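Everything below concerns the one structure shown next.
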Amino acid sequence: MTHRRHVLQLAAALALGAAMLPAAQAQSEPIKIGVILPMTGQQASTGKQIEGGIKLWQQQTGGKIGGRKVEVIIKDDGTVPDQTRRLAQELVVNDKVVALAGFGITPSALATAPIATQSKTPMVVMAAATSAITEASPFVTRTSFTLPQAAVAIAEWAPKNGIKKVVTLVADYGPGNDAEKFFADRFKLNGGQVLEQLRTPLRSPDFAPVLQKVRDTKPDALFVFLPSGQGAQFMKQFAERGLDKAGIRLIATGDVTDDDQLADMGDVALGVVNSHHYSAAHPSPANKKFVAEFEALNKFRPNFMAVGGYDGMRLIAKGLEQTKGAGGQALMDAMKGQTFESPRGNILIDAQTRDIVQDMYIRKVEKKDGQLWNIEFDVIKQMKDPGKSK
Ligand code: VNL
């Protein structure tokens with residue numbers, strides 16, 4: 001009896017103690033942010049780039065928000081959506097993170113959205129780019145881009161520049177579906193014709209058979225979306241099959257002429273016109289500083305994934321400054337409507353959709369000082385996600 005009463009008293013005391021944790025003590029504990037990324041496997045370059053962006057944010061801010069230390073816990077999901085969800089659950093329940101972030105591919109983000117909803121944990125998507133992800137939970141926001149943004153931008157440019165007949169080629173999953181549909185709809189609206197729509201699997205794609213088909217179909221241009229990391233292999237096969245020599249132009253989303261791989265693509269990439277939200281060659285002072293400091297720290301060129309990670313940390317930090325470290329709905333509300341200058345240009349988190357509004361650039365691959373870069377030459381200012389404006 002006495003023993004049992006003693007145990008109950010102890011439990012009550014502990015509960016009370018936790019509830020009454022002095023504010024000063026709570027303030028001295030680090031704020032935890034859980035980041036889930038593909039650090040191994042097919043999309044490992046995306047994990048490496050985002051981690052590099054997070055490290056730069058930590059270096060520039062001393063890893064602190066409002067004087068409080070921030071602990072960033074990075075977990076590797078190997079691009080397996082079931083792993084992403086399991087890791088998210090652990091980060092929320094065991095580590096008590098105030099926010100989840102990362103998400104290299106769409107299936108990983110979609111698998112985690114229910115956990116964000118159930119636990120009211122804000123989820124900042126730094127890479128994945130299917131339009132519908134932000135609709136999967138009211139706790140999702142995004143610092144990457146959407147495929148409808150990129151596809152519509154290039155479908156505006158192409159028909160005005162002598163491209164009337166196109167074959168499309170996309171990776172066969174969420175963002176590829178968006179790219180295919182939003183490119184075709186806008187291109188046809190602008191008087192263009194889509195001769196054929198081809199797809200390759202997300203895992204271990206072989207481009208030879210589809211490229212043969214493109215050769216036989218003889219379009220003015222081939223429009224391509226492939227996820228970051230597949231561009232170099234695609235460009236190699238495009239050249240090997242002689243499509244460039246056959247007079248078929250290549251247009252793409254900027255995922256294909258990704259800054260992570262562009263330097264090694266060789267001259268076949270020269271002249272490829274593509275659309276995206278970030279180029280390492282973006283000529284603003286803010287970007288020049290970003291690229292110089294990123295390269296000094298990480299020893300490689302940042303791509304759009306690095307910027308998604310860097311801006312994602314800034315967005316969470318700005319939110320936490322407003323909530324004084326509180327998470328949940330308060331943090332979600334504080335991130336809505338945020339606007340700041342990113343290395344890509346000005347960005348806004350649309351308060352209604354929680355998705356990103358940003359400039360979409362038309363770029364051409366050019367050689368400068370012996371290296372390949374995406375050089376911006378046109379822009380659609382402050383574009384909302386066309387996937388949501390219906
Ligand atoms: C996705 C979209 C992934 C665009 C990407 O690279 C990309 C996605 C890994 O939503 O899965 O470039």
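Counting from 1, the numbers follow the sequence of the chain as shown. Small disclaimer: the values here were computed from a predicted structure and weren't measured. Start at 1 and go down the list; that is how both ligands and their atoms are numbered. Excluded from the calculations below are hydrogen atoms, water molecules and symmetry mates; all remaining heavy atoms, backbone and side chain alike, are included.
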Report task. Would you please test Q42 and R203 for side chain to side chain donor-acceptor pair (under 3.5 Å) and show each step? Result -> CA-CA 8 Å; Q42 194 177 269; R203 313 262 169 212; 5.5 Å; no
Between the OH atom in Y310 and the CD atom in Q49, the distance rounded to the nearest 0.5 Å is 14.5 Å
Inset, instruction - Using distance alone, determine whether A129 and ligand 1 share an N or O pair under 3.5 Å. - result: yes
In ligand 1, the atoms that come under 4.0 Å of a heavy atom of F304 are 12 (O)
Within the 4.0 Å heavy-atom cut-off, what T46 brings close to ligand 1 is side chain
For G104, the ligand 1 atoms with a heavy-atom partner under 4.0 Å come out as 3 (C), 9 (C)
Atoms of ligand 1 under 4.0 Å from any heavy atom of Q43, numbered from 1 in the order shown, are 9 (C)
Note: ligand 1 atoms sitting under 4.0 Å from heavy atoms of I105 are 8 (C), 11 (O)
Nearest non-hydrogen protein atom to atom 6 (O) of ligand 1, with distance, is S228 N, 3.1 Å
Note: ligand 1 atoms sitting under 4.0 Å from heavy atoms of P227 are 5 (C), 6 (O), 7 (C), 9 (C), 12 (O)
Parallel, tilted or perpendicular: rings of F187 and F183 (30°, 60°): parallel
One finds that the ligand 1 atoms under 4.0 Å from a non-hydrogen atom of M305 are 5 (C), 6 (O), 7 (C), 9 (C), 12 (O)
If you scan protein heavy atoms around atom 1 (C) of ligand 1, the nearest is Y173 OH, 3.5 Å
Value for CG (D255) from CZ (F225), rounded to nearest 0.5 Å, stands at 5.0 Å
request  = Kindly indicate, with the supporting measurements, whether the criterion salt bridge (Lys or Arg N to Asp or Glu O under 4.0 Å) is fulfilled by K213 and D216.
outcome  = CA-CA 5 Å; K213 248 195 187 148; D216 298 342; over 6 Å; no
* Test of ring centre spacing under 6.0 Å for H277 and F304 -> yes
Has the side chain of Q83 got a donor or acceptor atom that lies under 3.5 Å from a matching backbone atom of T79? no
Original post:
Has the side chain of S275 got a donor or acceptor atom that lies under 3.5 Å from a matching backbone atom of A150?
Top reply: yes
Under 4.0 Å between heavy atoms, the region of F103 that gets near ligand 1 turns out to be neither
Distance col, row R301:CZ vs Q371:CD, nearest 0.5 angstrom, shows 5.0 Å
In this structure, atom 10 (O) of ligand 1 is nearest to the protein heavy atom T106 OG1, 2.5 Å
- E90 bridged to R86 by N-O distance under 4.0 Å: yes
Taking only non-hydrogen atoms of A128 and a 4.0 Å limit, the atoms of ligand 1 in range are 8 (C), 10 (O)
Residue, atom and distance of the protein heavy atom nearest atom 4 (C) of ligand 1 read D255 OD2, 3.3 Å
G229 near ligand 1, heavy-atom distance under 4.0 Å?
-> no
